[in-house]
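So the structure is just underneath, and the comments pick up after that.
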Amino acid sequence: MAWNPDVYEKFKNERYLPFYDLLSLVQVKENLKAIDLGCGTGELTAKLAKELPGSKVLGVDSSAEMLQKAKAYADDDLHFQQRDIEQALSDGEKYDLVFSNAALQWLNEHEIVFPKVIGLLEKGGQVAIQIPSNHDHFTHRLIRDLAFESPYKEALNSWVRPLTVLKIEDYGKIFFENGLSDICVFEKIYPHILPNADALYEWTSGTALIPYMEKLPEHLQEQFKNEYINRLRIEFPESPVFYPFKRILMSGILS
């Protein structure tokens, strides 16, 4: 997908809050070999690296636009590579820490993907993952509803982005069945106060709307966007708007 770092970072403070919660789950040790799956602009990967003294940290991301910004954070101990997460999961490398903040939700079939993520760990290594679980919020449901309406349904050939995120108990079970101990899995609401309904559009335009805009022909993109904004304004006429964003945080140690 074609990511726009400037749009994504418009709500930088709000998007970064879960990172610090995830970082608090990491058992800090020296001289680790770590990987950040879906490192984005690299700013948070750099913060992770600073918390791991003497460690070698690799950030991988498929977006050239995001990694262009990440170059500023690279040094002798922190490197970045343009690679799909799927490639990183299959290259045979092992790590003491596998970290991923708001990236794995873009991969389908978590029942298959998460055992592969755990498979990257050295014995005694830790996995720490955060994924959004806000797919049942109106902002996301509206996108799917619009995609099933004409003329978008025909243009998209009835495609909608698959719902990939599992229940928290499912992730706990996957962790247990794949040899992890000290398992911690929980869902947390991050309360965001946004100016108005248009700000809800700006938020989703940097993430959830991207695959739909990429698949729609150019002449329908603006129409889809405007219809989406109009319905958001109807649903959320108040100012400010309370936006309860749900996320799942999880960690475990390979026994």
Side-chain angles (χ1 to χ4, degrees), residues 1-22 36-47 59-70 72-73 80 82 84-85 100-107 130-147 152 156 160-165 189-216 218 220-233 235-236 240-248:
M1 294 185 295
W3 288 86
N4 185 325
D6 296 325
V7 173
Y8 183 82
E9 291 192 324
K10 184 159 188 176
F11 298 99
K12 181 175 179 177
N13 292 336
E14 291 87 349
R15 294 193 194 279
Y16 284 12
L17 285 173
F19 165 81
Y20 294 104
D21 285 340
L22 185 63
D36 183 4
L37 301 173
C39 63
T41 62
E43 181 176 354
L44 296 181
T45 314
K47 292 181 184 297
V60 299
D61 203 284
S62 61
S63 170
E65 295 84 1
M66 290 290 200
L67 290 176
Q68 187 62 35
K69 292 206 168 191
Y73 302 103
F80 298 96
Q82 184 177 356
D84 290 336
I85 292 176
S100 185
N101 181 59
L104 295 181
Q105 73 275 8
W106 294 105
L107 275 61
Q130 182 271 122
I131 53 174
S133 55
N134 219 36
H135 47 273
D136 57 356
H137 188 270
F138 181 85
T139 50
H140 288 244
R141 288 188 284 108
L142 176 57
I143 295 173
R144 297 193 296 271
D145 290 346
L146 272 175
Y152 316 116
L156 293 167
V160 291
R161 184 181 158 223
L163 296 179
T164 60
V165 177
I189 289 177
Y190 290 85
H192 303 316
I193 313 302
L194 303 183
N196 48 40
D198 288 12
L200 286 172
Y201 158 72
E202 291 173 350
W203 182 293
T204 55
S205 71
T207 52
L209 272 172
I210 292 175
Y212 292 87
M213 290 301 175
E214 284 191 334
K215 289 180 178 293
L216 283 170
E218 190 172 344
L220 286 179
Q221 291 176 7
E222 192 71 13
Q223 183 177 326
F224 189 95
K225 182 191 84 170
N226 290 336
E227 184 62 31
Y228 181 64
I229 293 172
N230 288 337
R231 296 195 195 183
L232 286 176
R233 289 171 177 169
E235 182 71 17
F236 302 99
V241 172
F242 177 69
Y243 188 31
F245 203 103
K246 292 191 296 183
R247 298 177 183 271
I248 298 174

| field | From CA spacing to verdict: side-chain contact (heavy atoms from CB on, under 4.5 Å), Tyr73, Thr45 | value | CA-CA 9 Å; Tyr73 302 103; Thr45 314; over 6 Å; no
| request: Output, in order, the C-alpha distance, side-chain angles, deciding distance and verdict of side-chain contact (heavy atoms from CB on, under 4.5 Å) for Arg144 and Leu163. | output: CA-CA 10 Å; Arg144 297 193 296 271; Leu163 296 179; 3.4 Å; yes
| message | Working note: Phe138 + Phe236, criterion side-chain contact (heavy atoms from CB on, under 4.5 Å); need CA distance, chi angles, decisive distance, verdict. | response | CA-CA 10 Å; Phe138 181 85; Phe236 302 99; 3.6 Å; yes
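- Looking at Arg161 and Trp106, their side chains come closer than 4.5 Å, going by heavy atoms from C-beta outward.
- Taking 4.0 Å as the cut-off between side-chain N and carboxylate O, Arg233 and Asp198 count as a salt-bridged pair.
- To the nearest 0.5 Å, atoms CD (Glu202) and CG (Leu200) are separated by 9.5 Å.
- Counting all heavy atoms, side chain and backbone alike, Asn101 lies closest to Asp36 at N-OD1, 4.3 Å.
- Within the 3.5 Å criterion, the main-chain N or O of Ser62 finds no donor-acceptor partner in the side chain of Asp84.
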| task | Could you go through the side-chain hydrogen bond (donor to acceptor under 3.5 Å, both in side chains) check for Ser63 and Glu65 one step at a time? | result | CA-CA 5 Å; Ser63 170; Glu65 295 84 1; 3.1 Å; yes
| field | Intermediate values then yes/no, side-chain contact (heavy atoms from CB on, under 4.5 Å), Phe80 and Val60 | value | CA-CA 6 Å; Phe80 298 96; Val60 299; over 6 Å; no
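- The backbone N or O of Ala103 lies less than 3.5 Å from a partner atom in the side chain of Gln105, making a donor-acceptor pair.
- The ring pair (Phe, Tyr, Trp, His ring centres under 6.0 Å) check on Phe245 picks up Trp203, Tyr243, with sequence neighbours excluded.
- Here CD of Gln130 is found 9.5 Å from CG of Leu104. Values are rounded to the nearest 0.5 Å.
- Of all heavy-atom pairs spanning Ser205 and Ile210, the tightest one is O-CG1, 3.6 Å.
- Contact detail for Ala70 and Gly40: the closest heavy-atom pair is CB-O, 4.2 Å.
- Minimum heavy-atom separation, Phe224 to Leu209: CE2-CD2, 3.7 Å.
- Between Met66 and Asp61, the shortest heavy-atom contact is CB-OD1, 4.4 Å.
- Atom OG1 in Thr204 sits 6.5 Å away from atom CG in Leu232 (nearest 0.5 Å).
- For the pair Tyr201 (side chain) and Thr139 (backbone), a donor-acceptor distance under 3.5 Å is absent.
- Side-chain atoms of Leu146 and Tyr212, non-hydrogen and from C-beta on, never get closer than 4.5 Å to each other.
- Among Glu222, Glu227, Gln223, the single residue meeting the side chain to side chain donor-acceptor pair (under 3.5 Å) criterion with Lys225 is Glu222.
- Here CG of Leu44 is found 4.5 Å from OH of Tyr16. Values are rounded to the nearest 0.5 Å.
- In this structure, NE2 on His135 lies 13.5 Å from CD1 on Ile143, to the nearest 0.5 angstrom.
- Ala147 and Leu156 get closest at one heavy-atom pair: CB-CD1, 3.7 Å.
- For the pair Ser100 and Leu22, the minimum side-chain heavy-atom distance is 4.5 Å or more.
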